[in-house]
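A short write-up of the structure that comes next.
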Amino acid sequence: MAATTTGILAGAFALCAAVAVLGANATNTGSICSSAGLSGQLGADAGGALDIGNSTQAPVNLTARQLSLAGDYISVGKQLGVPRDGQIIAIMMALQESSLRVLANVNVPGSLNYPHDGVGSDHDSLGTAQQRPAAGWGSVGELMDPIYNVRAFYGGPSGPIRGALAGYWTFLDGNP
């Protein structure tokens, strides 16, 4: 339990730092990042969520599940040697593509049989990175597995699709 809490806290603080750095570069206003409830004490939402925003915007609320998925992008990125900026880009992509949720798809009925956090309907896109089985990213079962989904996004020679499709590594010319 302590290791899980520590992992969640580390992921939360890494995400806060990423948002703070990106926000500071985009605007002169200070960023606000509150991790109420992550150490076992319940915050205002009583769900242990993380709030991210700046003084001119409403905060974005991330659930413990979303923080866990962000942690997957960080831990797999570290295992693959993806630099910190690449890990930040990956989390930003997943926030944009799926709101950092594992999405099944009504157009792929089999995906509904796997654990998921919501249901989308964009072509046959699945998972946190909204990758498509028809485009060769993997099987339905593989893409509904968050760790596989992250590894496929990062791509590269050690990725599950052996660099066959453009993953993050393509932008680094295959060198982390």
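Nothing here was measured: the structure is a model prediction, and the numbers come from that model. The figures that follow rest on heavy atoms only: side chains count, while hydrogens, waters and symmetry mates do not.
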message: For the residue pair Gln131 / Asn149, report whether a side-chain donor-acceptor contact shorter than 3.5 Å exists.
response: yes
Could you measure the distance from the [atom1] atom of [X] to the [atom2] atom of [Y]? Nearest 0.5 Å is fine.
X      : Y      : atom1 : atom2 : answer
Leu62  : Leu95  : CG    : CG    : 6.5 Å
Ile89  : Tyr154 : CD1   : OH    : 9.5 Å
Tyr148 : Ser139 : OH    : OG    : 6.5 Å
Ile74  : Arg84  : CD1   : CZ    : 9.5 Å
Ser98  : Asp117 : OG    : CG    : 8.5 Å
Met92  : Tyr73  : CE    : OH    : 13.0 Å

Please name the pair of heavy atoms, one in [X] and one in [Y], separated by the smallest distance, quoted to 0.1 Å.
X      : Y      : answer
Arg151 : Gln79  : NH1-OE1, 4.5 Å
Glu97  : Thr128 : CB-O, 3.8 Å
Leu69  : Pro146 : CD2-CB, 3.7 Å
Pro115 : Met144 : O-CE, 3.8 Å
Ala129 : Phe153 : CB-CB, 4.4 Å

message: Does Arg65 form a side chain to side chain contact (heavy atoms under 4.5 Å, CB included) with Arg101? I'd like the steps, not just the answer.
response: CA-CA 8 Å; Arg65 171 68 172 157; Arg101 298 176 299 151; over 6 Å; no
query: Judged by atom type as modelled, is there a donor-acceptor pair below 3.5 Å linking the side chain of Gln66 to the main-chain atoms of Thr63?
result: yes
- prompt: Are the side chain of Asp124 and the backbone of Ala134 linked by a donor-acceptor contact shorter than 3.5 Å?
  reply: yes
field: CA sep, side-chain torsions, deciding dist, call: Leu103, His116, side chain to side chain contact (heavy atoms under 4.5 Å, CB included)
entry: CA-CA 6 Å; Leu103 294 181; His116 57 278; over 6 Å; no
- request: State, with a plain yes or no, whether a side-chain heavy atom of Ile147 is found less than 4.5 Å away from one of Val76.
  value: yes
message: Checking side chain to side chain contact (heavy atoms under 4.5 Å, CB included) between Leu126 and each of Asn107, Asp145, Asn105, Val102, which is the one that passes?
response: Asn105
